[in-house]
Amino acid sequence: MNLLGLFVDKGFLSASDRAIVEAELVKKRPLDEVLAEHNVSLADALKEAGKIYELPTRLLGDPPANQQVFSYVPIDSARHYGFVPLDIVDGALEVGITDPDNIEALDALQFISSKIGIPYKIFLITKQDFDRVLDAYQNLSGEIGKALSEYEIDTSAKSAPSDKNTSPNMHQQMKETLATSVDIPELSEESLTGPHESLKEDAPVTKIVSTILRYAIEGHSSDIHIEPSPSKTRVRFRMDGDLHTSLELPAKVHEAVVARVKILAKLRLDEKRKPQDGRFSASVEKRRIDFRVSTFPTEYGEKVVMRILDQSANTTTLESVGFTAENLADVREMMKVPYGIILIAGPTGSGKSTTLFAMLSETNRETANVVSLEDPVEYEIPGVSQSQVRPEIGYTFANGLRSILRQDPDVIMVGEIRDKETAALAVQAALTGHLVFSTIHTNTAAGAIPRLIDMGVDPFLIAPTLVSVIGQRLVRKLCPNAGKPFPITDSIKIFLGREFADLPKEFQSALPPFKEFYHASSTAECPNGTRGRTAVFEILRMNKNVEQIVLKEPVEEKIYAAARASGMLTMREDAIVKALRGEIPFEEINTLGGELFPDEEKS
């Protein structure tokens, strides 16, 4: 298929423009960029081509994250026939093809599908995207493959008998092999503020690990999972909240890879029976990247999870975490109180720590003493005295908070309230004139108050000290210009009416008009239509009505009803507002529980 020729036939380009575009493409310029100079949208033009072939289309701004799909299609076959695997969705192998007229390619796809026992679905893609996918696969798999070959040679050579026919100390041998040219410095209390060198790859296992780290960073992943099984080791990257298999390694290298990570994180190599936690840091393209490392013993070996923290991107503000203008005004007003407790509620991975750091960044750190107690310290905040708890030596949240109160603090951040002693000390700090920020693991904002009572905090102490509870979750964000609007049908209006039925009328008038929602649609810069995540919130503010409920009948349903009467929106409703404003796709509303909206056909 000659895409440019098709564009000329459909009137998107003139013959003379086509020649100019072809000349620019020879210079390796992106097709969408060149077409934009001729006022042609690649997405629109590709869709027209898809109509001719009666095929769905796809633009790939980034290479597919799920590199496992290449195990189904050999790289040589992909290159020869002009198709590449993209992902597996709903049990079907999604394949991008450049020339739907190529009968041999379709026959080859049918053969592959029958062999692996998985149906396939074809998408029309551009030649430039086809080349980019192949390059990404060759780069990651090629680098890892080369390192694995070197590892085979290296281990074979080291396992050969010596002249003295003595058996080497395998533990020491592995440690020495893995430590070769280690230029990723480990983080410790002494080195946190020191210089951080760049990733360097010499030893085979070092190459494998550093390649995995580099590709995870370049792919904007938040976590890396290294998971053992009897026959292989699976490497998965978490991107925008979802895990994608990016690589599979032979099971025999798993122990060496784990040992390499342990060396970087200063963990014990000989301890494989219980979990360990550590961290290290590296510079990648002049960016400081921190890695939080957790090991976990499983049946087939230790699983490793690494959280990626980009310190150079630590510019989180209250505006950027996802507060609406109305909620932002409320939060800033709360933060002006001289004392009290502000809690962030939600499960693990809901962005609570990010919101806390954004709030701390707005505190007055010049005239106030701001101290934090964290497990672990994730982001460095200038002007804040940050301390990491160490339960293994008896330095817990409770003990640390007791010490902080002797440090003349004005603002205290406690990473998490998880037991009676920490909760009681936080309340005591608030009663004695301190502003306390912390997190609590509950599903809703209203559920935080019964949780505190379960921990042993008396209701008559909660009422005067708790300023607010902010519940939150993370949802996907629409890319700019990637939202495809669709009108709200009568059935959706019925659901919206039920959702806001118990919200007082004066607050309903502040909602955006129920006019249209948005589906995520592909663009040249954003093929999935979404990129990154934002938070949705529910803010429970303590007032006289809520106080009375806390003192008399502190059950979640009663607390919610009192807060609702004061205009509190739930997280689901905050998502509805953001969806109506085109900030998140319609589909994200149903990820927050509650009564599901009816499915809408994507046109």
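Starting from 1, each residue takes its place in the sequence as its number. These numbers were taken from a predicted model, which means no experiment stands behind them.
Taking 4.5 Å as the limit, every side-chain heavy atom of Glu302 sits out of range of all side-chain heavy atoms of Glu271.
More than 12 heavy atoms of other residues, nucleotides or ligands sit less than 6.0 Å from atom CD of Glu392.
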Under 3.5 Å, which donor-acceptor pairs link side chains of residues 367-377 to any protein atom two or more places apart or in another chain?
residue : atom : partner : partner atom : Å
Thr367  : OG1  : Asn364  : OD1          : 3.2
Thr367  : OG1  : Asn364  : ND2          : 3.0
Asn369  : ND2  : Gln407  : O            : 2.8
Asn369  : ND2  : Asp408  : O            : 2.9
Ser372  : OG   : Glu374  : OE2          : 2.6
Glu374  : OE2  : Gln386  : NE2          : 2.9

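At distances below 3.5 Å, at least one donor-acceptor pair connects side-chain atoms of Asn543 with backbone N or O atoms of Asn545. Judged purely by atom type and a 3.5 angstrom limit, Thr442 uses its side chain to pair as donor or acceptor with the backbone of Thr444. With Thr439 contributing its side chain and Ile344 its backbone, the two residues share no donor-acceptor pair below 3.5 Å. When atom types are taken as modelled, the side chain of Thr295 and the backbone of Gln276 share a donor-acceptor pair closer than 3.5 angstrom. A donor-acceptor pair under 3.5 Å is absent between the side-chain atoms of Asp290 and the main chain of Leu309, judged by distance alone. No side-chain donor-acceptor contact under 3.5 Å links Thr591 to the backbone of Glu587.
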Salt bridge (charged side-chain N to carboxylate O under 4.0 Å, His left out) between Glu538 and Arg473, worked out: CA-CA 9 Å; Glu538 58 186 26; Arg473 294 289 190 283; over 6 Å; no
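Residues Pro464 and Leu461 approach most closely at CD-O, 3.3 Å, considering heavy atoms.
Counting only N and O atoms by type, the side chains of Thr233 and Glu227 include no donor and acceptor under 3.5 Å apart.
The cationic atom of Arg498 (NZ for Lys, CZ for Arg) lies less than 6.0 Å from the six-membered ring centre of Phe495 and within 45° of the ring axis.
Pairs engaging residues 331-352 under the side chain to side chain donor-acceptor pair (under 3.5 Å) rule: Glu319-Arg332, Arg332-Glu362 [sequence neighbours left out].
Phe486 and His519 have parallel rings, their planes meeting at less than 30° on a 0 to 90° scale where 60° marks the start of perpendicular.
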